Amino acid sequence: MSHKVVLIPGDGIGPEVAHAARRILDAAAAPLEWIERHAGIAALQRGFKDVLPQETVDEVEQCGVALKGPCTTPVGGGFSSVNVAMRKRLNLYGAVRPVRSLAGVPTRFEGVDLVVVRENTEGLYAGIENEITRGVVTSLKVATEEACTRIAHFAFRYAVARGRKRVTVFHKANIMKLSDGLMLRCSKTVHDNWYPQIVYDELIIDAACMRLVQDPTRFDVIMMENLYGDVISDLCAGLVGGLGVVPGANIGEHTSVFEAVHGSAPDIAGKGLANPLAIVMSSVMMLNHLAETRGDEACKKAANKVRDAYNRALLDGCKTRDLGGELGTDQFADEIIARF
Ligand code: ATP
């Protein structure tokens with residue numbers, strides 16, 4: 001059995017890290033059939049009119065699974081985020097970002113093992129903005145009972161499935177009384193009615209940030225709306241070694257897209273310096289997802305093989321520059337493959 005998977009290299013460092021991940025998965029004999037499609041600046045360069053071509057969306061929908069490199073989002077103008085558009089068009093409502101200390105990557109804390117669950121479709125991050133009149137803009141924060149309830153079920157289901165003990169909701173409901181208030185109400189209702197075995201608590205986001213940087217080891221699953229999730233994900237990445245080591249999954253009812261938390265890092269693009277580990281870790285999540293949803297043991301085996309190999313490579317001191325080492329993207333990928 002082999003699984004069709006769409007590979008979207010993206011732009012910036014995307015193609016470098018995505019192709020390194022593909023090479024590693026192929027060398028691990030992961031039972032995958034790759035279909036390459038494009039998004040972002042890479043799509044425009046190939047003559048598409050849209051940064052998110054319909055054929056890319058259709059292919060992901062058909063295959064149900066994609067591995068995606070980052071796509072650049074211009075700051076303060078230009079086209080809207082491809083990443084946001086993809087999550088919306090494919091209804092990938094739940095983002096999961098496991099943040100773990102890695103042996104061989106020394107940081108301020110040891111034993112960090114938390115998971116950021118981010119609502120992916122609403123909130124301020126949806127980018128619904130208007131210039132009402134010259135010099136006055138508004139940005140709409142949308143929260144619906146449906147999406148808040150859906151992400152709460154998602155977070156608690158995840159906690160139960162992975163043997164996690166606690167779900168903490170980050171919020172600012174003291175100020176955003178209606179929108180974040182709705183998120184809290186829905187989360188509590190879902191907890192009380194369906195998942196009483198999991199500990200539920202709530203934390204105001206500013207205090208949560210302080211506690212995260214004081215002692216991240218006390219957190220388990222943390223759940224929040226879209227924009228908070230974006231910011232907190234990078235903060236958490238900083239606790240375990242940076243953006244090069246945190247993977248992610250965007251999950252919908254029928255479709256899932258796996259991608260690193262980091263962006264397209266234009267400052268190092270095309271130089272062969274990027275750390276491919278975050279997308280490699282994302283591809284391990286993808287293999288585990290395929291194993292769970294399609295019952296394919298070969299995917300599980302390949303996932304374990306890749307994870308064991310990158311852990312050993314790190315322990316042996318193989319590192320890219322962001323982690324204080326000297327290796328380039330392809331050299332680090334070679335070191336992983338050498339440990340199969
Ligand atoms: P976005 O808005 O798309 O999330 P961003 O502005 O948050 O992007 P990133 O592209 O994620 O920025 O990265 C910020 C910086 O972190 C980069 O400029 C780069 O120096 C570093 N960085 C990010 N990812 C990696 C990586 N995989 N390997 C090495 N360095 C990285």
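Since we're looking at a predicted model, the values are computed, not measured. Note that ligands are numbered from 1 as they come in the structure, with each ligand's atoms numbered from 1 the same way.
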Filter the ligand 1-protein atom pairs down to N or O on both sides and distance under 3.5 Å, then list them.
residue  : atom   : partner : partner atom : Å
ligand 1 : 10 (O) : Ser264  : N            : 3.3
ligand 1 : 10 (O) : Ala265  : N            : 2.8
ligand 1 : 11 (O) : Gly263  : N            : 2.4
ligand 1 : 18 (O) : Asp267  : OD1          : 2.6
ligand 1 : 18 (O) : Asp267  : OD2          : 3.1
ligand 1 : 20 (O) : Asp267  : OD2          : 2.8
ligand 1 : 27 (N) : His262  : NE2          : 3.3
ligand 1 : 27 (N) : Asn275  : O            : 3.0
ligand 1 : 28 (N) : Asn275  : N            : 2.9

Seminar exercise, completed: Which of Glu122, Arg118, Arg87 passes side-chain hydrogen bond (donor to acceptor under 3.5 Å, both in side chains) with Asn226? Answer is Arg118

Exercise. Is a salt bridge present between Asp58 and Arg37, judged by a nitrogen-to-oxygen distance below 4.0 Å?
Worked result: no

Problem set entry | Lys165 and Asp220 ion-paired at < 4.0 Å | no

Problem set entry | Pair Lys300 + Glu292, salt bridge at N-O below 4.0 Å | no

For this session: Decide, yes or no, whether a salt bridge links Asp26 with Arg22 under the criterion of side-chain N to carboxylate O below 4.0 Å.
Result: yes

Exercise. Should we say atom CD of Glu146 is surrounded by more than 12 heavy atoms from elsewhere, each under 6.0 Å from it?
Worked result: no

